[in-house]
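What you are looking at is a predicted structure, and each value in this text was computed from that prediction instead of being measured. Read the numbers this way: they start at 1 and go in the same order the structure lists the ligands and their atoms.
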Amino acid sequence: MTKLIILGMDGLEYDLVTKFGYKNLMQDHFGKTDISEFELPRSVILWSSFIAGKSKEKELTALTNFWHAKMPIAQTFFANAKNPLALDVPGFTYINEQHDRERQNMKDFLEGKNITIEEYDKHVFAHHQKIKEQFFKALETGEHDVIMAYFSVSDVIGHLSFGITPKMRMIYQDLDEIAAKVKAKFRGKLLIISDHGMFARGRFGDHTTYGFWSTNFDVQFKNPKLTDFFKTLIDAQLE
Ligand SMILES: [Zn+2]
C-alpha cells in the first residue's frame with residue numbers, strides 16, 4: 001500500500017499558486033520554504049539536497065557536470081522504503097537525455113538558433129505527459145510504499161514564458177489537477193514541494209530564493225528549510 005507521495009514540482013511559485021487559488025496544490029497546510037542556506041537556487045542541487053536532507057551544493061558544484069550526478073539510495077530518504085519509486089528525480093533517477101535536450105533547446109532559442117518556443121514547449125509537454133501516466137499507473141498498482149514523482153514543466157516552460165500569465169495558469173491548472181486526482185485516489189500522506197519559485201523578467205522567468213511546500217498532514221514548521229523535510233519523510237514512512 002502506498003503510504004507517502006511526494007510531488008516535486010520544479011519552480012512552482014507560491015505567489016502564483018495563491019493568486020490563482022489552486023486549492024489542491026495548497027492542500028491543508030502550505031507556505032514558503034527557506035533556501036537561504038544555498039548560494040544559488042540551482043534546481044538539481046536543490047533537489048539533491050532535498051532528498052539527502054542536507055546541502056549537497058559544495059559537493060555537486062565541485063563536479064564538472066552536476067546535472068548527471070546520481071546519489072546512492074542509502075543517502076536519500078528512500079533508504080528505508082521497501083519498494084520505493086522515484087520518477088525522474090534530479091540527483092537520483094533524473095532522465096539525463098530529456099533534460100540535457102531541454103537545456104540545449106533553451107540555449108539554442110536564446111542564441112536565436114533554429115527553434116521556436118512551440119517546438120521547445122512540445123518537447124517539454126510530451127515528457128510531462130509521460131511522467132504523469134507512469135505516476136498514475138504506479139499509484140493504481142499500490143505496489144510502492146513511497147512514490148516521488150518529479151514534474152519539471154513549471155520551471156522549464158516558465159523560463160521562456162513565466163511573464164505570460166494565461167500560459168502559466170494553464171500549466172498550474174494541470175498541476176492542480178494532478179494533486180486533485182491524487183487526493184481522490186489516495187488516503188496517505190502527500191507532500192507537494194518545489195525547489196524554488198519564479199519571477200517574471202519580461203516574458204521570461206528566473207528563479208526566486210524561496211520555494212513552495214504543502215501537506216495534507218500536520219507539520220511542526222512554519223518556514224522550513226528545503227532540507228528540513230528529510231526527517232518528516234522518514235517519520236511518515238514509519239507510521
Ligand atoms: Zn528548479
Is Asp206 salt-bridged to Arg201, cutoff N-O under 4.0 Å?
yes
Residues forming a side chain to side chain donor-acceptor pair (under 3.5 Å) with Glu97, sequence neighbours excluded
none
Within 45° cone and under 6.0 Å: Lys181 NZ/CZ vs Phe136 ring:
yes
Kindly assign one of parallel, tilted or perpendicular to the pair Phe151 and His128, based on the angle between their ring planes and the thresholds 30° and 60°.
perpendicular
Sequence-distant partners of His127, ring-ring contact (aromatic ring centres under 6.0 Å, His included), two or more places apart:
His99
Going by the rule ring-ring contact (aromatic ring centres under 6.0 Å, His included), which residues pair with Tyr22 if we only count those two or more places apart in sequence or in a different chain?
Phe20
What protein N/O/S atoms lie closer than 2.8 Å to the Zn ion (ligand 1)?
Asp10 OD1, Ser43 OG, Asp195 OD2, His196 NE2
